[in-house]
Amino acid sequence: MCALCSVILNEHWAEQDGGRRARMLRVALLDRVLGHFGLSLSDWAGGLYVLRDRKGASAGVRDLGSVWSEAERLLGRKLDPLDAGLVAALGR
């Protein structure tokens, strides 16, 4: 999806439907993926995601489109979504 979506839509396109239950399922999946890199993700009041590292740093993230780039910023490195260890862990 293009950057224009953030101007047109009030929320990220991936969060358009599904309500609270779908949001919690997304958070659980993202938390599992990000856990591989030493991060955790939680929902805060249904309007903000909170991304944390193991050292205690945290960041508020407004939408799913910003989670990955904020995760990279917190860790100070690029993250590979096709990391062999991650793919293997998700296959279990």
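We're numbering straight along the sequence, starting at 1.
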| query | At what distance, to the nearest 0.5 angstrom, does CZ of Arg20 lie from CG of Leu25? | reply | 11.0 Å
| task | State whether Arg73 and Asp53 are salt-bridged, where the test is any N-O pair (Lys NZ or Arg NE/NH1/NH2 against Asp/Glu carboxylate O) under 4.0 Å. | result | no
| field | Cation-pi geometry met for Arg77 and Phe37 (6.0 Å, 45°) | value | no
| message | Nearest 0.5 angstrom please: Leu30 CG to Leu64 CG, how far? | response | 6.0 Å
| note | residues 28-37 vs side-chain hydrogen bond (donor to acceptor under 3.5 Å, both in side chains), sequence neighbours excluded, gives His36-Asp83
| Would Leu34 end up clustered with Val50 when hydrophobic side chains under 4.5 Å apart are linked, directly or stepwise? | no
| message | Can a donor-acceptor pair be found, under 3.5 Å and without considering hydrogens, that links the side chain of Glu72 to the backbone of Lys78? | response | no
| Atom of Leu51, atom of Leu39 and distance for their closest heavy-atom approach | CD1-CB, 4.3 Å
| Residues Trp68, Val33; criterion side chain to side chain contact (heavy atoms under 4.5 Å, CB included); working and verdict | CA-CA 10 Å; Trp68 200 260; Val33 169; 4.1 Å; yes
| task | Please check if Val67 and Met24 belong to a single hydrophobic cluster, counting links between Ile, Leu, Val, Met, Phe, Trp and Tyr side chain heavy atoms closer than 4.5 Å. | result | no
| request: Could you tell me which non-hydrogen atom of Ala57 sits nearest to which non-hydrogen atom of Leu74, and how far apart they are? | output: CB-CD2, 3.9 Å
| request: Mind checking side-chain hydrogen bond (donor to acceptor under 3.5 Å, both in side chains) for Arg52 and listing every partner two or more places apart, or none if nothing turns up? | output: Ser42
| request: Indicate the atoms forming the closest heavy-atom contact of Leu48 with Val61, along with that distance. | output: CD1-O, 3.3 Å
